[in-house]
Amino acid sequence: MNPFEQDPTALRVGFIGAGRLGTALAWSFAEHGLRVVAVASMIPSDAEKLAAPITGCSVVANGQQVVDACDLVFVTTPDGAIAATAAQVQWRRGVAAVHCSGVTEIAALDSAARGGAMTGGFHPMQTFGDPAAAVRSLPGCTITIEAQEPLNTTLVGFAQRLECRVNRLPPGMRGRYHAAAGYTSQFINALFAEASTIWQSWGASEEDAVRALLPLARGTLASIESAGLAGGMPGPVSRGDVGSIEKHVEALSSLGPEVMEFYRIVCDRTIPLGIRRGAIDDESAARLRQILRR
Ligand SMILES: NC(=O)c1ccc[n+]([C@@H]2O[C@H](COP(=O)([O-])OP(=O)(O)OC[C@H]3O[C@@H](n4cnc5c(N)ncnc54)[C@H](OP(=O)(O)O)[C@@H]3O)[C@@H](O)[C@H]2O)c1
């Protein structure tokens with residue numbers, strides 16, 4: 001009988017790569033009743049750290065031993081090493097190879113597929129630094145799954161056990177999908193950095209700026225959560241306040257073209273949201289665009 005058509009808690013799960021994500025995922029799986037039985041990594045002490053809190057999880061010498069001992073193998077090496085890691089191993093029918101990269105196509109696991117394995121993607125939309133903190137932050141996150149049946153059903157079941165939402169992605173979309181995720185991860189840092197540059201123009205420190213701006217950002221996120229992107233947008237564009245934007249443009253122009261250009265691009269993108277909200281009509285939108293291009 002195919003193990004993927006049986007109780008998911010009976011599946012023997014293994015990890016190749018005991019880094020930030022592999023460790024957090026292995027700990028979460030074990031906490032939620034899944035059977036993590038083997039791990040291999042480059043540095044044995046990293047594999048030992050992953051295995052330590054999991055009853056029945058063995059540290060093995062290499063990826064081949066993980067595959068030999070498991071039904072479902074998570075290849076959690078860095079993106080650039082996924083294909084090479086999979087290619088170093090002899091796969092077999094009835095086993096599955098899954099990576100957790102957002103941007104890497106499932107084709108990186110083609111050598112596993114040629115060896116008879118099912119292949120798929122299981123990408124948690126969360127940042128993994130400290131594994132213990134990551135375990136706590138997983139419930140409520142979205143996990144993007146790309147796989148054929150019966151692996152798909154198994155991975156969906158795993159995500160649900162972790163109390164995560166499931167997102168599906170058609171093949172070939174991972175570049176777009178991962179770029180989009182960047183807008184709510186590293187680009188938030190870029191927005192804070194830009195605001196902090198402006199604060200520093202009157203002598204405040206980056207720390208002052210970040211401490212002051214973080215609660216504002218949290219309030220905005222809460223507002224998006226409760227009222228949506230257009231309904232939950234704060235700021236002058238959301239109020240149709242053209243006069244305030246005019247003052248911003250005047251003030252930022254003196255800080256140089258780069259500061260002004262960034263403000264123009266971002267502010268431009270808030271105008272359709274202001275229109276959707278009903279706060280500005282086409283005429284004031286046109287005026288705003290004109291002010292931004294002065
Ligand atoms: N971190 C995140 O926030 C995050 C979020 C979503 C998805 N992901 C995805 O998760 C995957 C892993 O990322 P990560 O952040 O966990 O990376 P990481 O912390 O750098 O860990 C990667 C691990 O892979 C191990 N490794 C590298 N080459 C190996 C090989 N040939 N054989 C066995 N082990 C090998 C390393 O081993 P040693 O420790 O033993 O040297 C390291 O522990 C990537 O596909 C990434 O895109 C990460």
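Both ligands and their constituent atoms are indexed starting at 1 by order of listing. One-based numbering along the sequence shown. Here the structure is a predicted model, which means the values were calculated and not measured.
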Please list, in number order, the atoms of ligand 1 under 4.0 Å from a heavy atom of [X].
{"X": "Ala18", "result": "43 (O)"}
{"X": "Thr85", "result": "31 (N)"}
{"X": "Gly17", "result": "24 (O), 25 (C), 34 (N)"}
{"X": "Pro124", "result": "6 (C)"}
{"X": "Gln126", "result": "3 (O), 5 (C), 6 (C)"}
{"X": "Thr76", "result": "12 (C), 22 (C), 23 (C), 24 (O)"}
{"X": "Thr127", "result": "3 (O)"}

Tell me, yes or no, whether the heavy-atom count around Gln200 atom CD, taken from other residues, nucleotides or ligands under 6.0 Å, exceeds 12.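 Count over threshold, so yes.
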So is [X] polar-close to ligand 1, meaning N/O to N/O under 3.5 Å?
{"X": "Ala40", "answer": "no"}
{"X": "Ile16", "answer": "no"}
{"X": "Ala81", "answer": "no"}
{"X": "Gly19", "answer": "yes"}
{"X": "Ile43", "answer": "yes"}

Angle class for the Phe187/Tyr183 ring planes (parallel below 30°, perpendicular above 60°, tilted otherwise)?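 Phe187 vs Tyr183 ring planes: perpendicular.
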Just let me know how Asp46 lines up against ligand 1, side chain, backbone, both or neither, with a heavy-atom cut-off below 4.0 Å.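 The part of Asp46 near ligand 1 is the side chain, not the backbone.
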Taking only residues two or more places apart in sequence, or in another chain, which ones meet Phe158 in a ring-ring contact (aromatic ring centres under 6.0 Å, His included)?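 Counting only residues at least two positions away or on another chain, Phe158 forms a ring-ring contact (aromatic ring centres under 6.0 Å, His included) with Phe29.
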Nearest candidate to atom 28 (N) of ligand 1, where distance is taken over non-hydrogen atoms, out of His178, Met42, Gln88: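 Considering heavy atoms of His178, Met42, Gln88, the nearest to atom 28 (N) of ligand 1 sits in Met42.
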Atom 45 (O) of ligand 1: which of Ile82, Asp79, Val66 has the nearest heavy atom?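 The nearest heavy atom belongs to Asp79.
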Do the two ring centres, one from His99 and one from Phe74, sit under 6.0 Å apart?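 Ring centroids of His99 and Phe74 are no less than 6.0 Å from each other.
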Validation: residues 175-182 side-chain donor-acceptor distances under 3.5 Å, sequence neighbours left out:
unit_1, atom_1, unit_2, atom_2, d
Tyr177, OH, His123, ND1, 2.6
Tyr177, OH, Thr144, OG1, 2.8

Starting from the C-alpha separation in whole Å, work towards a yes-or-no answer on salt bridge (charged side-chain N to carboxylate O under 4.0 Å, His left out) for Arg211 and Glu206. CA-CA 9 Å; Arg211 284 169 74 100; Glu206 180 172 302; over 6 Å; no
Can a non-hydrogen atom of His123 be found less than 4.0 Å from any atom of ligand 1?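 Yes.
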Heavy atoms, side chains only, cut-off 4.5 Å: are Val237 and Cys267 in contact?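 The answer is yes; the side chains approach within 4.5 Å.
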Which residue, Asp79, Thr76, Thr77, forms the side-chain hydrogen bond (donor to acceptor under 3.5 Å, both in side chains) with Ser101?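 Of the listed options, the one satisfying the test is Asp79.
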Taking atom 16 (O) of ligand 1 as the reference point, the nearest protein heavy atom with its distance: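 Its nearest protein heavy-atom neighbour is Leu21 N, 2.8 Å.
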Please check this pair: side chain of Glu105 against backbone of Gly172, looking for a donor-acceptor N/O pair closer than 3.5 Å.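 Such a contact is found between Glu105 side chain and Gly172 backbone.
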Hey, are Glu146 and Arg174 close enough for a salt bridge, meaning a charged N less than 4.0 Å from a carboxylate O?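 A salt bridge is present here (some side-chain N lies under 4.0 Å from a carboxylate O).
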So does Arg20 pair up with Asp46, basic N to acidic O under 4.0 Å?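 No, this pair does not count.
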